2 protein chains.
Amino acid sequence: MVEKNIRIKDIARLAGVSVGTVDRVLHNRGRVSPEALQKVTAVMEQIDYKPNLLARTLGSNKNYRIAAILPDPNQDPYWAQSSLGITQAQLEWAQYGIQVELFLFDLLDRDSFQKTAHRVHLARPDGILIAPTFYHEALPIFELFRETDIPFVLFNTNIPEAKPLSFIGQNLLQSGRVGAELMNLGQHEKGTLAVLHIDEDIQDSVHLLEKERGFREYFKEKSKIDFDIVDFNMNPKDPSFEDQFKTLLEDKNLRGVFVSTSKGTAVAASIIEKYGREDIRLVGYDMLEENLRYLKSGVIDFLINQNPKRQASLGISHLVNHLMFKKGTPSTDLFPLEVITQQNVESYLGSGIH
Amino acid sequence: MVEKNIRIKDIARLAGVSVGTVDRVLHNRGRVSPEALQKVTAVMEQIDYKPNLLARTLGSNKNYRIAAILPDPNQDPYWAQSSLGITQAQLEWAQYGIQVELFLFDLLDRDSFQKTAHRVHLARPDGILIAPTFYHEALPIFELFRETDIPFVLFNTNIPEAKPLSFIGQNLLQSGRVGAELMNLGQHEKGTLAVLHIDEDIQDSVHLLEKERGFREYFKEKSKIDFDIVDFNMNPKDPSFEDQFKTLLEDKNLRGVFVSTSKGTAVAASIIEKYGREDIRLVGYDMLEENLRYLKSGVIDFLINQNPKRQASLGISHLVNHLMFKKGTPSTDLFPLEVITQQNVESYLGSGIH
DNA sequence: TTTTAAAATGTGTACGCACACATTTACTTT
DNA sequence: AAAGTAAATGTGTGCGTACACATTTTAAAA
C-alpha cells in the first residue's frame, strides 16, 4: 500500500518531543537542549524526512518581492524576449504571493544601469535577477547587494567574481566554437570568413570577444581548410556602416559571416539579401522574428539559440526556490547551445516550454 | 502594496453566501439554488479568482497512483533513458502523495505488451503513461482505458485515434527532414545515401517509415544534388547482418548513412569505424553513451535528440497536472528536434534540466 | 529555601482549500 | 397544522507546516 509520507509530527513522536522542538531543530532556531537535539537528529538519521513543500509554502505565508533588472525591451528584440520570460514568471508565481517587478535600464547608457540598480537596492527586494551587461559598473553594485544580504542571480552575462547565488546563461567560448563548426560544415574551398560584432556599444564587447575566441579556436584546432578570418566591430548607426558592409560583401572570396549578436544577425541578413549574396554562409544568434524570416528564406543558414525567454523565467524560478522553498540552486545553469535550422525551427516554435 | 490574492472566502463574502456554496459552484457538485448560483457567478465574472494550488493539493489530500507502461530498459539503452525519466518523476512527486509504478513489457513481444497493459488495467490506477509501440495491440487497450475512465497519456509513439489526454513526442516526418538536412549539408558530389532501420522487430517500422518518408521528402524538395537513396531493414541478430552492412560500405559512392533508431546508430557507427569509413556522413538518434563516444571521435556526425528521459518525466507531469491540479494539459506536446554536434554536445550534457 | 529569570518545551492558530456533516429552508403529504 | 422529506446552505475539521505564545523546567540569585 501507499507508504504515508513522514511528517514533522511523526518525527516528534519517534523522538519523544513536541513538534515545536522538531521545528526548532530543523530550522535551527535555537532554544533546544543538547539531549533533545540528539534525540531528534538520531531519528532524522534513521528516516528520510522530506518536508512537504506545499504545506511549508502555505504555512509560511510570506510575500516575497523579486526585482528583475534588464535592458529596455523596446531597444532590442533580444531583450524583449527576456522580458517576456519575466512576464511569464510573474504570472506563474503571483498566486504564491511572489511579486516580480521589472526595472529597466538603457542598453547603451552605463549611467542608467547604475542608477537603476541603485533604485532597486533602495527598494530592498527579497531577491534580484540581473543582466549585468556593464562589467565595471556592476561590480560595486554586487558589493551593495552583498552588504545588505540580498540574494541575486545573474543571467545572460556571467561575472564570476560577483559570486552570485547562481548564473544562468551559456558558455560563450563554446558558443563561438559551435558557430565555427556550423560555419565550417561542408566548406571545401579556401577563402575568407568574417566575424562581425554589430552593436551600438562597441566598448562592451568583452562578452562578444569570447565568442570570437571560441570561433577562432575551433578553426585553429579542427578545420582542414586554412581560412582567413577577419573581424569587424560595426555600429549600424554609423553612416558608413552599410558601405563598410558592402565592401566586405564584394570580396568574392568571402565564404561566410558569423555575427555575434542576435540583432546584428538580422541586420547582416538584410544587407546580404539586398546585395544578393545568399551563397555566403550566415551563422547568427536567436530566434527573433526577423531572423526566422531570413532563416526560412535561406539567407540565414544557422541560428544558435540563446533562449533569452527561458533564461529569464528560470532565473526567477531559481530565486523562488531559494527564497520560498529553501531549495539549493545550482551555482551555474548553462543552457544547451541549440542549433536552429530551416528544418527544425518549427519544432522549436511549436513547443512552448522548451 | 501587495494585492492579496482572492480566496474562496472572499468570493463567499462578496456573493453573500457561505464558502460551502462557493465550493459547490466552483466544482459544480450540485445542490445549489439558481439564485445562489447567479450571485456567485456574478462575482466570479467581476474578479479574477485563481485558486491556490498549494492549498488545493494540500487540502484534497489524495493519493494518486500512476502507472507507466514501457519496454524493458534492459533491452535497449533508449528505453533505459525513458525509465530514468520515470524514476525522476517518481522522486519529484512522491512527497505529494503520488505514486508512480513502472510496468515493463518485452520490446519484441506483442503478447507481453498486451498482458502488461491488461495487468495495469486490473490495478485501476488513476492515470496511465504508455509507450504504445505496438499499434494493433494498443487500440483495444485504449478502449479499455476509456471504458473505465482512466486518463492516459501517450509518449514516444503517437496514435491519434487513441484520443489520449495528451501525446508527448516528436514530429517524425519533420525528424526525418532534419536528418536529411544534416545529411545534405555540404555534400557536393553525387552518390548514394542509405537509410537504415536497424531493429529487431522489423514489423513495427510504421513508426520508422515516417522518418524515412520525411528524409526522402526533403531530398525531393530541397537538395540540389540528385542522390540515390536506398533503404534497408536490418536485424542485428541476423547472422548475415554484418556482411550485408559490409557490402553497403564497400560502395565507394556511398556518401551518407541515416539510421532511424538510437540503438541502431551505435551499431552502425561500430561497423563504420571497423571498416574505416569515417568519411561517410553518419546521422542518427539520441545521446546514448555509446553514441556520444562515436560522436566525439567523429564517426557519428550528427545526432537528433529525442530526449526520452524528458518525454517520460513530462508525461508524468502532465498526468499530475490533470489529476491533482486539475490543470488543462496540451493535447500534444511536440519536443524540439535538437541537433547534437561535436561542439554542442557538452552543453547538452551539462545542463540537467533541458 | 524561596524567588526570579532564562532556557527549554509544548500548544494553538493560521495558511487556503476540500469535503463531510450539521443545520436550515422550502415544499409535500397526511 | 403538523409531520416528513428533500433541497439548499452553512459549519467545522483536516491536510503539513510555520510561528507566536503559553507553559514547564532548570539553574542561578537572594
Side-chain angles (χ1 to χ4, degrees), chain A residues 2-40 43-44 47-64 93-98 323-327, chain B residues 2-40 43-44 47-64 93-98 323-327:
Chain A
V2 186
E3 308 179 33
K4 288 287 305 149
N5 247 322
I6 291 148
R7 301 157 299 173
I8 281 188
K9 212 179 184 175
D10 300 314
I11 299 175
R13 187 170 36 75
L14 292 170
V17 295
S18 75
V19 290
T21 304
V22 175
D23 175 68
R24 275 179 287 265
V25 172
L26 287 176
H27 301 86
N28 46 291
R29 309 192 211 271
R31 306 272 126 126
V32 182
S33 68
E35 303 89 73
L37 184 100
Q38 203 280 321
K39 282 191 285 183
V40 174
V43 173
M44 292 295 293
I47 60 155
D48 178 32
Y49 170 67
K50 288 189 197 123
N52 184 322
L53 296 184
L54 302 182
R56 164 171 296 178
T57 312
L58 189 63
S60 73
N61 192 33
K62 281 207 181 116
N63 285 321
Y64 292 101
W93 297 112
Q95 58 181 319
Y96 304 122
I98 289 183
L323 292 171
M324 173 166 264
F325 298 120
K326 318 283 184 218
K327 268 191 181 171
Chain B
V2 185
E3 309 180 31
K4 285 291 300 153
N5 248 324
I6 292 148
R7 302 156 298 172
I8 281 188
K9 211 179 182 177
D10 300 316
I11 300 176
R13 187 170 37 76
L14 291 170
V17 295
S18 76
V19 289
T21 304
V22 175
D23 176 67
R24 277 179 288 266
V25 172
L26 286 177
H27 301 87
N28 46 291
R29 310 191 209 270
R31 307 271 124 125
V32 183
S33 69
E35 303 89 72
L37 184 99
Q38 204 279 322
K39 281 192 286 183
V40 173
V43 173
M44 294 294 293
I47 59 151
D48 178 33
Y49 171 65
K50 288 191 198 121
N52 184 323
L53 295 184
L54 301 182
R56 164 174 295 178
T57 312
L58 190 63
S60 72
N61 193 34
K62 278 208 183 113
N63 284 320
Y64 292 101
W93 297 112
Q95 56 180 319
Y96 305 122
I98 290 183
L323 293 171
M324 175 166 263
F325 298 121
K326 318 282 185 222
K327 266 190 183 174

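Everything quoted here is computed from the prediction, not taken from an experiment. All values below come from the heavy atoms of this structure, side chains included, with hydrogens, waters and symmetry mates left out. Every chain is numbered from 1, with letters handed out A, B, ... down the list of sequences.
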Legend entry - Whole angstrom value for the distance that separates P of D:dA18 from CD1 of A:Ile11: 11 Å

Inset, instruction - Could you check how far CZ of B:Arg29 sits from P of C:dC21, rounded to whole Å? - result: 14 Å

Inset, instruction - Measure the OG1-CD1 distance between A:Thr57 and A:Ile98 for me, rounded to the nearest 0.5 Å. - result: 8.5 Å

Inset, instruction - Using five base pairs at each end, measure the axis-to-axis angle across the helix from C:dT1-D:dA30 to C:dT30-D:dA1 and round it to 10 degrees. - result: 70°

Legend entry - Where B:Lys326 and B:Tyr64 come nearest, the two heavy atoms and their spacing: NZ-OH, 3.6 Å

Would you mind writing out the side-chain donor-acceptor pairs for residues 22-35 of chain B within the sub-3.5 Å range, not counting sequence neighbours?
{"from": "B:Asp23", "atom 1": "OD1", "to": "B:His27", "atom 2": "ND1", "distance (Å)": "3.3"}
{"from": "B:Asp23", "atom 1": "OD1", "to": "B:Arg29", "atom 2": "NH2", "distance (Å)": "3.2"}
{"from": "B:Asp23", "atom 1": "OD2", "to": "B:Arg29", "atom 2": "NE", "distance (Å)": "3.1"}
{"from": "B:Asp23", "atom 1": "OD2", "to": "B:Arg29", "atom 2": "NH2", "distance (Å)": "3.4"}
{"from": "B:His27", "atom 1": "ND1", "to": "B:Asp23", "atom 2": "O", "distance (Å)": "3.1"}
{"from": "B:Ser33", "atom 1": "OG", "to": "B:Ala36", "atom 2": "N", "distance (Å)": "3.2"}

Inset, instruction - Do nucleotides 7-15 of chain D as a string where each nucleotide becomes B, S or -: B if the base has a protein heavy atom under 4.0 Å, S if just the sugar-phosphate does, - if no protein is that close. - result: SSBBB--BB

Inset, instruction - Would you mind reading off the distance between A:His27 atom NE2 and D:dG16 atom P, rounded to a whole angstrom? - result: 16 Å

Legend entry - Length of the line joining A:Asp23:CG and C:dT11:C1', which is rounded to integer Å: 13 Å

Inset, instruction - Assign B:Tyr49 to base, sugar-phosphate, or nothing according to its heavy-atom contacts below 4.0 angstrom with the strands shown. - result: sugar-phosphate

Legend entry - A:Leu53 CG - C:dC15 C1' separation (whole Å): 15 Å

Inset, instruction - Check the distance between C:dC15's P and A:Gln95's CD and give it to me in whole angstrom. - result: 18 Å

Inset, instruction - Indicate, with a heavy-atom threshold strictly under 4.0 Å, whether A:Asn52 touches base, sugar-phosphate, or nothing. - result: sugar-phosphate

Inset, instruction - Kindly give the heavy-atom pair with the smallest separation between B:Ala12 and B:Ser18, and that separation in Å. - result: CB-C, 3.7 Å

Legend entry - A:Val19 versus A:Lys9, closest heavy-atom pair with distance: CG1-CA, 3.7 Å

Legend entry - Where B:Tyr96 and B:Met324 come nearest, the two heavy atoms and their spacing: O-CE, 3.2 Å

Inset, instruction - Whole angstrom is fine here: how far is it from CG in B:Asn5 over to P in C:dG16? - result: 9 Å

Legend entry - Side chain to side chain, B:Leu53 and B:Lys327, heavy atoms closer than 4.5 Å: yes

Legend entry - Distance, rounded to the nearest Å, where B:Ile6 contributes CD1 and C:dC15 contributes P: 16 Å

Inset, instruction - Tell me whether the OP1 or OP2 atom of D:dC19 has a side-chain N or O from A:Lys62 closer than 4.0 Å. - result: yes

Legend entry - Distance in Å, A:Gln95 CD paired with B:Asn5 CG, rounded so as to fall on 0.5 Å steps: 7.5 Å

Legend entry - Check: A:Met44 and A:Ile11 side chains under 4.5 Å, non-hydrogen atoms: yes

